[in-house]
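All values below come from the heavy atoms of this structure, side chains included, with hydrogens, waters and symmetry mates left out. Bear in mind that the values here come from a model prediction, so they are computed numbers and not experimental data. Naming convention: chains lettered A, B, ... in sequence-line order (proteins, then strands); numbering from 1 in each chain.
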Protein chains: 2
Amino acid sequence: MTERSVAQRGRPRSEKARLAILAATTEVLLERGLAGTSMDVVAGRAGVGKATIYRWWPTKEALALEALYHSWAVAVPDEPDTGSLRGDLAALLLPWARRLRTQPYGRIVAAFITEAQTNSEFEKEYHARFVRPRREQARAAIGRAAVRGEIPAGTNVELTLDLLYGPLYHRLLHRHAPLSDRFVTDIVDAVLRAIRPERPAVMVRARGDHNRVRTP
Amino acid sequence: MTERSVAQRGRPRSEKARLAILAATTEVLLERGLAGTSMDVVAGRAGVGKATIYRWWPTKEALALEALYHSWAVAVPDEPDTGSLRGDLAALLLPWARRLRTQPYGRIVAAFITEAQTNSEFEKEYHARFVRPRREQARAAIGRAAVRGEIPAGTNVELTLDLLYGPLYHRLLHRHAPLSDRFVTDIVDAVLRAIRPERPAVMVRARGDHNRVRTP
DNA sequence: CTATTTACGAAACTCATAGTATCGTAACTT
DNA sequence: AAGTTACGATACTATGAGTTTCGTAAATAG
């Protein structure tokens with residue numbers, strides 16, 4: 001989408017302007033939310049002309065999406081394999097929850113979700129950048145747990161993912177209670193109890209790791 | 001907020017106009033979403049002047065909130081007591097999920113959630129009308145189950161509520177999968193497994209009702 | 001019946017902002 | 001040096017939320 005052919009003819013795109021625009025956008029987004037972010041303010045703060053922004057991003061929403069994605073692109077945990085599903089899920093969800101509560105990201109995410117309801121191009125990008133990767137990581141962790149025999153082979157994976165992420169988004173968006181570490185681990189524990197084999201083997205709770213649980 | 005003193009002096013408020021405004025608003029909301037709903041169109045379709053709308057509602061968002069609430073105010077199940085937590089929760093969640101999938105309510109709810117992030121007056125109203133009542137009903141069902149001994153007395157109720165509603169909102173808003181009846185009952189079953197006593201008594205799955213489970 | 005009060009529909013208005021168009025200039029390739 | 005593309009600045013268009021004005025309608029008070 002922002003690709004350029006190798007052999008370019010005229011003046012090359014200014015990388016400095018590009019980064020300034022992304023940084024200014026994230027800044028204003030965090031200060032005022034998406035609706036409160038005006039393109040004139042972004043252009044002014046980035047020290048560029050509005051036309052320069054619109055040459056590379058079709059809409060304010062597309063710019064905002066890429067800006068937030070860019071600002072989050074630092075330090076992605078990437079597939080922690082702790083040996084237990086509990087550890088893997090905590091490793092995925094805890095850092096995410098921690099970042100979410102450092103700044104008012106909730107209203108930006110809410111605005112993205114709202115935009116995605118009406119703008120299918122935006123929806124595609126939003127899912128590709130913010131939703132699918134996280135689900136894939138959790139799906140992989142669940143897959144490893146199934147291979148280890150830690151959970152039944154027939155586990156409903158899609159349901160499990162929704163049970164994990166649903167409550168997190170719920171609190172992020174409805175703000176009826178904090179996204180605390182405790183909340184995250186409570187969700188993980190609850191989901192593990194829900195999908196664990198019916199007749200729990202000997203292993204019943206150690207609150208630490210549990211290795212190898214055989215399902216009948 | 002729309003209250004009037006008993007002894008009124010001038011021309012009384014037109015109930016006909018009020019209902020026409022609410023109906024037109026819901027109609028346009030469903031057709032175009034909140035962002036696509038213009039006050040001129042609502043006024044035109046309701047056959048009223050814009051000033052009449054703004055005399056009774058402070059903003060478009062406040063009007064939209066009341067309009068959707070009003071359109072949903074018909075047929076509220078109200079505290080089903082089926083005798084089992086599973087039955088009670090299904091009775092609460094299934095009709096809601098069914099209504100949500102009959103029309104594009106998701107984008108309206110998304111817009112409400114987004115507005116609530118920035119407008120605290122709106123947030124208060126949104127919670128009072130759309131969030132709190134449903135949570136209260138589910139909380140009551142969980143309370144009855146605890147009294148019956150169906151679930152442990154120490155159950156984390158807030159967590160349980162988020163485990164129930166979170167996944168539903170998640171699919172409503174992210175639209176990665178349908179809000180099917182099956183999904184709803186799967187959530188309920190999973191949550192019941194999660195909060196059921198550790199050492200499951202004899203009762204292990206009947207997919208029907210299960211009455212009275214004694215916790216050690 | 002008349003005066004007073006409040007609501008009404010219509011229409012013109014203000015103001016903010018997303019997105020476009022124009023312009024003169026800068027930075028690159030051939 | 002010529003051609004091409006990007007740049008910042010600025011003026012512009014279009015849309016829509018919310019306000020104001022106006023003449024009129026529906027009620028109450030005396």
Side-chain angles (χ1 to χ4, degrees), chain A residues 1-22 24-25 28-29 31-67 111 114-115 118-119 121-122, chain B residues 1-22 24-25 28-29 31-67 111 114-115 118-119 121-122:
Chain A
M1 185 181 257
T2 310
E3 242 54 64
R4 304 279 299 121
S5 64
V6 184
Q8 24 196 344
R9 283 291 302 257
R11 175 177 176 172
R13 177 177 186 181
S14 164
E15 182 69 6
K16 187 175 142 203
R18 185 184 142 257
L19 294 175
I21 291 166
L22 290 173
T25 302
V28 181
L29 276 176
E31 286 171 17
R32 316 197 187 177
L34 181 60
T37 294
S38 96
M39 296 299 264
D40 289 273
V41 168
V42 169
R45 205 175 294 194
V48 306
K50 253 203 308 181
T52 301
I53 302 182
Y54 280 106
R55 188 184 309 276
W56 302 104
W57 291 277
T59 62
K60 178 170 85 161
E61 289 73 25
L63 169 62
L65 190 74
E66 187 170 332
T114 298
E115 178 68 16
T118 324
N119 180 339
E121 183 58 39
F122 183 92
Chain B
M1 186 183 259
T2 310
E3 243 53 65
R4 304 279 298 122
S5 64
V6 183
Q8 25 196 345
R9 282 291 303 256
R11 174 177 176 171
R13 176 179 186 180
S14 163
E15 181 69 4
K16 189 176 139 201
R18 185 183 143 257
L19 295 176
I21 291 166
L22 290 173
T25 302
V28 181
L29 276 177
E31 286 171 16
R32 316 195 188 179
L34 181 59
T37 295
S38 97
M39 295 300 263
D40 289 274
V41 168
V42 168
R45 207 176 292 196
V48 307
K50 252 202 311 181
T52 301
I53 302 181
Y54 280 106
R55 188 184 309 276
W56 301 105
W57 291 277
T59 62
K60 178 171 85 162
E61 289 72 26
L63 169 62
L65 190 76
E66 186 171 333
T114 298
E115 178 68 16
T118 324
N119 179 340
E121 181 59 37
F122 182 93

Requested in this report: Is it possible for you to check whether B/R18 lies under 6.0 Å from the centre of the six-membered ring of B/W56, through NZ or CZ, and within 45° of that ring's axis?
Outcome: no
**Report entry** Least distance between heavy atoms, A/L34 atom then A/L29 atom
**Finding:** CA-CD2, 3.7 Å
Report summary line: Separation of C/dA26 atom C1' from A/R9 atom CZ, nearest Å, is 17 Å
Query raised in the report: Any donor-acceptor pair under 3.5 Å joining the side chain of A/R11 to the base of C/dA26?
Result: yes
**Report entry** Nearest listed nucleotide, side chain of A/P12, among C/dC28, D/dT5, C/dG19
**Finding:** C/dC28
Query raised in the report: So, is B/W57 near the phosphate of D/dA17, with a side-chain N or O under 4.0 Å from OP1 or OP2?
Result: no
Requested in this report: Quickly work out the A/E15 CD to D/dT5 P distance and round it to whole Å.
Outcome: 20 Å
Query raised in the report: Using a cut-off of 4.0 Å on non-hydrogen atoms, how would the nucleic acid contact of B/A51 be classed: base, sugar-phosphate, or nothing?
Result: base
Query raised in the report: Whole-Å distance between C/dA10 P and B/I21 CD1?
Result: 12 Å
Report task. Of all the heavy-atom pairs spanning A/A43 and A/G49, show the shortest one and how long it is. Result -> CB-C, 4.2 Å
Query - Quiz item: B/K60 side-chain donor-acceptor pair to D/dG18 base, under 3.5 Å - result: no
Query raised in the report: Taking the side chain of B/K50 as heavy atoms from C-beta outward, which of D/dT5, D/dT19, C/dA18 is closest to it?
Result: D/dT19
Report summary line: Here the distance between atom C1' of C/dT17 and atom CZ of A/R32, to the nearest Å, is 13 Å
Query - Residue pair B/L22 / B/W57: nearest heavy atoms and the distance that separates them - result: CD2-CZ2, 3.8 Å
Requested in this report: To the nearest Å, give me how far apart CD1 (A/I53) and P (C/dT20) are.
Outcome: 13 Å
Query raised in the report: What integer distance in Å separates A/Q8:CD from D/dC7:P?
Result: 11 Å
Report task. Without swapping roles, check the side chain of B/K60 against the backbone of B/T37 for a donor-acceptor pair under 3.5 Å. Result -> yes
Report summary line: By nearest-nucleotide position on DNA chain D, the 5'-leaning member of A/R55 and A/D40 is A/R55
Query raised in the report: Under 4.0 Å between a side-chain N or O of A/T52 and OP1 or OP2 of D/dA6?
Result: no
Report summary line: B/R13 atom CZ is separated from C/dT5 atom C1', nearest whole Å, by 18 Å
Report summary line: When rounded to whole Å, the OH to P distance for the pair B/Y54 and C/dA7 reads 18 Å
Report summary line: Which of D/dG16, D/dG18, D/dC7 is nearest the side chain of A/W56? It is D/dC7
